[in-house]
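Sequential numbering from 1 along the given sequence is applied to the chain's residues. All ligand and atom numbering here is 1-based and tracks the order in the structure. All of these numbers come straight from a predicted model, not from anything done at the bench.
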Amino acid sequence: MFCPFCRHPDSRVVDSRTSDDGTSIRRRRQCPHCGRRFSTTETASLNVVKRNGVLEPFSREKIISGVRKACQGRPVTDGDLAVLAQKVEEAVRASGTSQIEANDIGLAILPPLRELDEVAYLRFASVYQAFDSLEDFESSIATLREEHAGRARPVRSVDE
Ligand SMILES: [Zn+2]
């Protein structure tokens with residue numbers, strides 16, 4: 001990183017801090033040549049490849065607006081949606097990729113949405129996975145039912 005003042009090719013980091021949302025690091029640097037200070041920001045880039053091949057930066061807002069419609073009338077708050085978008089971003093970043101297909105974003109949305117609200121999940125899945133028959137719904141619902149049945153039921157205590 002060249003010093004922006006004297007073009008000296010080296011600089012020393014005097015302070016680093018992570019941004020509030022945890023997605024970037026801001027560093028204060030000092031030039032050992034002219035002694036002036038400047039800041040740099042590092043962000044691990046994450047881009048979405050749209051169906052038409054255009055790259056666009058990953059956006060939690062877009063995740064939220066994509067899911068909001070499926071959540072209409074459901075007991076899902078804006079806070080829930082923000083957490084969901086964060087989970088999606090974490091899942092995508094954890095895969096270590098810097099580019100993700102728009103289609104795969106949909107896949108990353110399904111698990112946390114299912115945890116949040118199964119009706120919203122079915123609505124979203126029906127659009128995203130292009131359900132075109134009642135059988136598609138039936139098999140999705142059957143899968144959800146099976147998994148409910150497989151879950152350990154809470155044990156009630158006698159004095160309840
Ligand atoms: Zn300098």
Query raised in the report: So, R26 and T41: side-chain donor and acceptor under 3.5 Å apart, yes or no?
Result: no
Query - Residues clustering with V49 (ILVMFWY side chains joined when closer than 4.5 Å, directly or via others) - result: L55
Requested in this report: Measure from the side-chain N and O atoms of Y121 to the backbone N and O of A70, and report whether any donor-acceptor pair falls under 3.5 Å.
Outcome: no
Query raised in the report: Which protein atoms of type N, O or S are found under 2.8 Å from the Zn ion (ligand 1)?
Result: C3 SG, C6 SG, C31 SG, C34 SG
Donor-acceptor pairs under 3.5 Å, side chain of residues 84-95 to any protein atom, not counting sequence neighbours: which ones?
unit_1, atom_1, unit_2, atom_2, d
Q86, NE2, E90, OE2, 2.9
K87, NZ, E115, OE1, 3.4
E89, OE1, R60, NE, 2.6
E89, OE1, R60, NH2, 3.3
E89, OE2, R93, NE, 2.8
E89, OE2, R93, NH2, 3.2
R93, NH1, A44, O, 2.8
R93, NH2, A44, O, 3.4
S95, OG, V92, O, 2.5

Donor-acceptor pairs under 3.5 Å, side chain of residues 28-36 to any protein atom, not counting sequence neighbours: which ones?
unit_1, atom_1, unit_2, atom_2, d
R28, NH1, S39, OG, 2.7
R29, NE, T40, OG1, 3.0
R29, NH1, S11, OG, 3.3
Q30, OE1, R12, NH2, 3.1
Q30, NE2, G35, O, 3.0

Query raised in the report: Does any non-hydrogen side-chain atom of L113 lie less than 4.5 Å from one of C71?
Result: yes
